[in-house]
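One structure is given here, and the rest of the page talks about it.
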Amino acid sequence: GNYTGHIKCVEAFLKLRLDQNCQILEVAAGTGLLGAEVLKFGYELIDGLDSSLGMLSQARKQGIYKNYIHATVDKLGSIPVNNETYDVILMANGFAPGQIYPWSLPEMLRVLRPGGYLLWTMKDGFQTSSQQFAMMDSYVADLVRQEAAQLLVGPVVFQRYLLDQNGRFYMLRKP
């Protein structure tokens, strides 16, 4: 297809060679493109979270996720899940103006277990068109400084994220 954001995310996840019983949360799951890709490699413990019930019900028809979580990821407490529930959080195309903002990173880290990974891809260019996204890398740097996260990779800019647009990839680890 014309969109590769989810593929890049899954490729990076697979390189971690994590146990197949690891608990995965896909944020901004949409219709389940990324989840379906992860399933192919034997990772079945995936929960899908999205702010759109319509999208989640499409994913449900394909039986991709264990749990379907209808929520908008924002400040602390916005994900209806206990602390330290997941080993991995994957998100493709969730970070965007009007969708999920950089200030929601601490909330995603909250539901991640220590040693867990947070991987995401997003469209490149929001950092110049959106005040909030101009702050993305300084949000990440603050989390690293506060020892709330380690930046393993990123931002890496890659081509053909969506048609001729570039994408950005990040990977954090919760200490």
Side-chain angles (χ1 to χ4, degrees), residues 5-29 34-35 38 41 43 45-51 65-67 69 71-158 161 166-175:
H6 61 300
I7 303 287
K8 278 273 185 275
C9 208
V10 173
E11 284 172 352
F13 163 70
L14 292 172
K15 285 188 186 136
L16 295 170
R17 299 191 190 292
L18 299 177
D19 188 280
Q20 292 196 324
N21 292 320
C22 69
Q23 300 274 347
I24 303 167
L25 174 65
E26 185 188 346
V27 171
L34 191 157
V38 171
F41 296 94
Y43 292 91
L45 303 178
I46 319 169
D47 290 350
L49 179 151
D50 203 274
S51 60
Y65 304 108
K66 284 276 177 275
N67 295 295
I69 303 167
T72 300
V73 178
D74 195 37
K75 300 263 181 354
L76 282 176
S78 58
I79 300 175
V81 166
N82 291 335
N83 294 353
E84 302 181 1
T85 297
Y86 297 102
D87 301 298
V88 184
I89 296 177
L90 302 173
M91 179 170 67
N93 215 30
F95 275 131
Q99 292 186 71
I100 298 173
Y101 288 95
W103 63 68
S104 61
L105 282 167
E107 171 62 350
M108 288 192 257
L109 289 166
R110 178 186 70 78
V111 302
L112 205 54
R113 293 185 181 125
Y117 297 91
L118 169 55
L119 293 76
W120 75 88
T121 54
M122 61 187 288
K123 190 165 92 66
D124 189 31
F126 292 140
Q127 67 277 12
T128 52
S129 63
S130 156
Q131 187 101 46
Q132 290 94 340
F133 283 93
M135 301 295 292
M136 178 73 128
D137 290 338
S138 67
Y139 275 117
V140 171
D142 285 347
L143 290 168
V144 170
R145 216 176 10 257
Q146 296 155 10
E147 298 183 1
Q150 297 157 334
L151 178 60
L152 301 184
V153 183
V156 173
V157 175
F158 62 93
Y161 172 73
N166 287 345
R168 288 165 89 81
F169 170 76
Y170 295 76
M171 176 161 50
L172 301 183
R173 186 160 197 238
K174 183 173 177 173

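Start at 1 with the first residue, then count along the sequence.
With a 4.5 Å cut-off on side-chain heavy atoms, Ile24 and Val38 count as touching. Within the 4.5 Å cutoff, no side-chain heavy atoms of Met135 are placed close to those of Pro102. Contact check for Ile89 versus Leu119: no side-chain heavy atoms found under the 4.5 Å cut-off. Under the 4.5 Å side-chain criterion, counting only non-hydrogen atoms from C-beta, Leu118 is in contact with Leu112. Residues Val140 and Leu105 meet the side-chain proximity criterion, which asks for heavy atoms closer than 4.5 Å. Phe95 has its side chain within reach of Ser104: a pair of non-hydrogen atoms, C-beta onward, lies under 4.5 Å apart. Side chains of Trp103 and Asp74 form a contact here, defined as non-hydrogen atoms less than 4.5 Å apart. Counting heavy atoms from C-beta outward, Leu172 and Tyr117 have side chains that stay 4.5 Å or more apart.
Contact record, Lys66 with Leu45: CE-CD2, 3.8 Å, taken as the closest heavy-atom pair. Considering every non-hydrogen atom in both Met91 and Ala28, the closest pair reads CG-CB, 4.3 Å. Considering every non-hydrogen atom in both Pro106 and Leu143, the closest pair reads CG-CD2, 4.2 Å. Across Ser51 and Thr72, no two heavy atoms sit closer than the pair CB-OG1, 3.5 Å. For the pair Asp19 and Asn21, the tightest heavy-atom approach, listed with the atom from each and the gap, is OD1-N, 2.6 Å. Across every non-hydrogen atom of His6 and Leu34, the tightest pair is CB-CB, 3.8 Å.
Under the ring-ring contact (aromatic ring centres under 6.0 Å, His included) criterion, Phe133 pairs with Tyr101, Phe126, not counting sequence neighbours. In this view, Gln23 satisfies the side chain to side chain donor-acceptor pair (under 3.5 Å) rule with no residue, not counting sequence neighbours.
Taking the ring centroids of Trp120 and Phe169, they lie at or beyond the 6.0 Å cut-off. Residues Tyr43 and Phe13 bring their aromatic ring centres within 6.0 Å.
Between the CG atom of Asn93 and the CE atom of Met122 there is a distance of 9.0 Å, given to the nearest 0.5 Å. Atom CG of Asp47 is separated from atom OH of Tyr86 by 3.5 Å, given to the nearest 0.5 angstrom. The line from NZ of Lys15 to CE of Met171 is 9.0 Å long, rounded to the nearest 0.5 Å. In this structure, NZ on Lys8 lies 12.0 Å from OH on Tyr161, to the nearest 0.5 angstrom.
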Before you tell me yes or no, could you show the steps for Val88 and Leu90 under side-chain contact (heavy atoms from CB on, under 4.5 Å), namely the whole-Å CA-CA distance, both residues' side-chain angles and the distance that decides it to 0.1 Å?
CA-CA 6 Å; Val88 184; Leu90 302 173; 3.7 Å; yes
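For Gln127 (side chain) and Gly125 (main-chain N/O), a donor-acceptor pair under 3.5 Å exists by modelled atom type.
The existence of a salt bridge linking Lys174 and Asp87 is excluded, since no basic side-chain nitrogen approaches an acidic carboxylate oxygen closer than 4.0 Å.
Annotation: Gln20, atom CD; neighbour count of heavy atoms from other residues, nucleotides and ligands within 6.0 Å is above 12.
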